[in-house]
Amino acid sequence: GVSGLIRKAYKTLNDGSWLEIGGYEGLQDNSQPGNGVGYLGRVYLTHQGIGNAPGEIIEFDPDKNTVDLLRRVDHPQKAGSVPQADIVASFQDALVAAGDITDPHIWYMSRQGVPYDWDYGAIDEGRAIASTSLPGGRIPQPITALANLVDDYLILGCTSSMYIMRGDPRVGGRIDLLSDRAGIFDSQAWCHLPDGTILALSHFAIHHIVPGSGAEVSVRDLSEGALPDEFLHFSRSQHYVNMVYDLAHRGAYIFFTPRDARAGGKKKGVAGDQPEFTNSGGGNGGGGGNEPPPTIGGRGQHWFWSWDTKGFFPVILANGQDPMAALYYDSDIPSDRGVLLGCLDGQMRKIDRSSSTDDEVPIDNFAVLGPFKLTSSEHVSAVLLEAIPVFSHATGEVNWGVVGDDYPERVIERAIDDDFDAEGVWESGLGFHEKPAVRGTYFAIKISGNGRTHWSLEAVSITAREAGRTLRA
C-alpha cells in the first residue's frame, strides 16, 4: 500500500513483515490521492491537483523499491510527455489516463507494454494515442472514472453518462455511448464483483454493468430508487468517494470523506518497520500509543449496501479515521482477507466484524424495535406488562428501554433519544426483572450494547392487556 500523502510506500514480504520504501517528497501536505492500478508488475497511482493544479501519475516499483512521478522516471523507451491526469487504468496492454484539468473530456493511452512512451506522433499499431486524434474520441462530458469490464471493454464514466471502449481503438476498436443518464460519481466510486462485472455509483443509483451476448453490455439499476437522501448533497470536488465490495459479507462499502477533513490527533509514525495496522469492527478505529482514542462521529458519511436485500446500512467511523482509500485484500491466508482502509490519521485498518471495539473505541450500537401496536384498534390503548427476549447463547449484557405513546412517530423519536418510560438490563436468556407496566397505543423497545460485548437478538415475546380508550393529547 501507499500512504495517502504518498510520502512513503510499504510492501509485504514473504515472511509477512513490511518493508518501508522512501517516497517522492515533492508533494505538499494537502496533496490529494486519486486512484491506482497494477500494470507490468508495478503500481501506478494518481495525485489529484489542488484547485487549478494539474494531476500527476506516480510509479511505485516494488522491485526497485522506488516511488516517483512517472514523468521523472528514467527509462530507455521514454518518449513524449506524460499526461497531467488524475485517473488511471490499464487496458489492451497499455496505461490509460484521463482527468486532465485543462480538458477533462480527453483520454490518453500509452504505447503497448511501455508506460513511459506517450509520443502521439508515431504511426505503428502499438503507438501511444490521445483521443483527440480519433474521430469522435473526445467525450462530450468530463471523464470521472475508468473501469475495466472483463478483458474486452473499458468503461469511461462521466458526470451523468457512460461510454464504452470496445477493443483497441488503435486497430479498429470503437467508443459507443452506453448510458445517457447514469454516470460514475468519481474515480473510485465503482468496484468489481467476483465475476468481473462492475458495481458503479452514480448521483441517483447503484448500477450493475454486465456484458451480455455478443457485444451487448447493459447498465441495470440495483438500488431501485432507495438511495439515501444524503447522497444528493455529496460532491466529487469536496469528497473522497470510495466503493469496495466485501466478498465475505456480500455487499459494497461506500465511503464519503470530506477532502478538507484532517485527523483529530497527531499523525502516528511507523514502528517496527511496518505501517500502523489495526483491526476495526465497523471500518472505524483509532487510538494507540499514549494518545486518547478519538470519539465516535467522524466527519465522513458511509454506508454498507447489501447485495441480498438491496438495503443501505449506515457505517459510523471514529473521528479522524474516515478513509481516503479502500480495497478488498484477497490473501491466500483466510484470516488476512478483508476490506482495508487507508485512513486520514495515516494508519491502515482492516474491517473486522468479530471485533468488539473499533480499535479500542467502544462501538455505539443499538436497535429500535417498533413502532408496534398491541391492540386491534388505534382508539384502544394497552399496557405492556412483560417482554421476554430470546438471545443467542453468546450474547452478553445489554440495556433495554421501553417507550409507550399515542403517536407512532413519537415513540421512535423518544426511543432514539433514550426518553424511556421504563428501562433496565437484560442478560442472556432473561426477560424483564421488573414488570414495566408501560401504557400507550404504540410502543418501541430500544436495545443497546455496552460497546464491548457482542449481542444477537432472535425474538421478543410480549405480554399485554387492553387499557381502555386512547386519550390523545
Side-chain angles (χ1 to χ4, degrees), residues 35-46 87-99 107-113 115 125-126 129 131 134 136-137 139 143-158 161-202 205-223 242-248 250-254 305 307 326-331 337 339:
N35 75 316
V37 65
Y39 176 56
L40 298 178
R42 306 176 189 90
V43 178
Y44 292 90
L45 307 139
T46 59
I87 308 170
V88 68
S90 63
F91 184 64
Q92 295 293 321
D93 192 24
L95 200 61
V96 184
W107 53 266
Y108 307 88
M109 185 176 285
S110 74
R111 172 175 288 279
Q112 281 188 328
E125 289 187 350
I129 57 171
S131 61
L134 301 173
I139 305 301
I143 299 171
T144 57
L146 299 172
N148 296 79
L149 179 62
V150 293
D151 295 328
D152 300 322
Y153 309 109
L154 180 68
I155 306 300
L156 291 84
C158 301
S161 62
M162 291 187 207
Y163 290 79
I164 183 169
M165 185 181 295
R166 306 176 190 268
D168 192 335
R170 290 169 289 207
V171 289
R174 70 181 194 272
I175 297 177
D176 300 319
L177 176 66
L178 183 61
S179 173
D180 61 359
R181 182 169 174 263
I184 300 181
F185 197 99
D186 202 5
S187 62
Q188 296 282 65
W190 64 275
C191 57
H192 282 122
L193 295 177
D195 61 0
T197 58
I198 293 172
L199 281 182
L201 176 68
S202 72
I206 288 179
H207 305 281
H208 191 197
I209 307 174
V210 186
S213 59
E216 293 299 318
V217 174
S218 61
V219 180
R220 306 169 185 171
D221 182 352
L222 294 184
S223 52
N242 284 278
M243 187 174 185
V244 57
Y245 189 80
D246 187 338
L247 275 70
R250 291 178 55 81
Y253 285 96
I254 304 170
W305 176 82
W307 173 271
L327 64 85
Y328 184 83
Y329 181 55
D330 192 9
S331 171
R337 297 172 192 155
V339 174

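Keep in mind it's a predicted model, so treat the numbers as computed, not measured. The basis for the numbers below is simple: all heavy atoms, side chains too, and nothing from hydrogens, waters or symmetry mates.
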>> Tell me the closest heavy-atom pair linking I87 and N35, and the distance in Å.
In response: CA-OD1, 3.4 Å
> Taking the side chain as C-beta and beyond, is there a heavy-atom pair between W305 and L222 under 4.5 Å?
Replying inline: yes
> Looking at L154 and A89, what are the two nearest heavy atoms and their distance?
Replying inline: CD1-CB, 4.3 Å
>> Keeping Y245 on the side-chain end and W190 on the backbone end, is there a donor-acceptor pair under 3.5 Å?
In response: no
>> Would the distance check show the side chain of R337 and the main-chain N or O of D330 forming a donor-acceptor pair, the cut-off being under 3.5 Å?
In response: no
> Side chain of T144, backbone of F185: donor and acceptor closer than 3.5 Å?
Replying inline: no
>> So I175 and P169, do their side chains get closer than 4.5 Å, heavy atoms only?
In response: no
>> Could you go through R170 and E125, starting from their C-alpha distance and side-chain angles, then the distance that decides it, and tell me whether this counts as side-chain contact (heavy atoms from CB on, under 4.5 Å)?
In response: CA-CA 6 Å; R170 290 169 289 207; E125 289 187 350; 5.9 Å; no
> Heavy-atom distance under 4.5 Å between the side chains of L146 and L156, does that happen here?
Replying inline: yes
> To the nearest 0.5 Å, what is the distance between CG (D176) and CE (M165)?
Replying inline: 11.0 Å
> Say you draw a straight line from CG of L327 to CD of Q188; how long is it, rounded to the nearest 0.5 Å?
Replying inline: 9.0 Å
> Run the side-chain contact (heavy atoms from CB on, under 4.5 Å) check on L95 and V37 step by step: do they pass?
Replying inline: CA-CA 9 Å; L95 200 61; V37 65; 4.1 Å; yes
> Nearest heavy-atom pair of C191 and A252: which atoms, and what distance?
Replying inline: SG-CB, 4.5 Å
> If every non-hydrogen atom of G36 is compared with every non-hydrogen atom of V88, which pair is closest and at what distance?
Replying inline: CA-CG1, 4.1 Å
> Does the side chain of W107 reach to within under 4.5 Å of the side chain of L134, using non-hydrogen atoms?
Replying inline: yes
> Nearest 0.5 Å, what's the CD1-NE2 distance between I155 and H207?
Replying inline: 12.5 Å
> Is the closest side-chain heavy-atom distance between S110 and Y44 below 4.5 Å?
Replying inline: no
> So, do M109 and D168 sit near enough that their side-chain heavy atoms are less than 4.5 Å apart?
Replying inline: yes
> Do you know the tightest heavy-atom contact between S161 and L177?
Replying inline: CB-CD1, 4.5 Å
>> Angle between ring planes, H208 versus W307, binned at 30° and 60°: parallel, tilted or perpendicular?
In response: perpendicular
>> Would you say that more than 12 heavy atoms from the other residues, nucleotides or ligands in this model lie under 6.0 Å from the CG of D151, or not?
In response: no
> How many angstroms lie between atom CG of L178 and atom CD1 of I164, to the nearest 0.5 angstrom?
Replying inline: 5.5 Å
> What distance separates M162 CE from I198 CD1, expressed to the nearest 0.5 Å?
Replying inline: 8.5 Å
>> With rounding to the nearest 0.5 angstrom, report the CG to CG distance, N242 to D186.
In response: 8.5 Å
> How close do I143 and C158 get, heavy atom to heavy atom, and via which atoms?
Replying inline: CA-SG, 4.4 Å
> Got D195 and V210 here, is their nearest side-chain heavy-atom distance under 4.5 Å?
Replying inline: no
> Does the side chain of Y328 reach to within under 4.5 Å of the side chain of D246, using non-hydrogen atoms?
Replying inline: yes
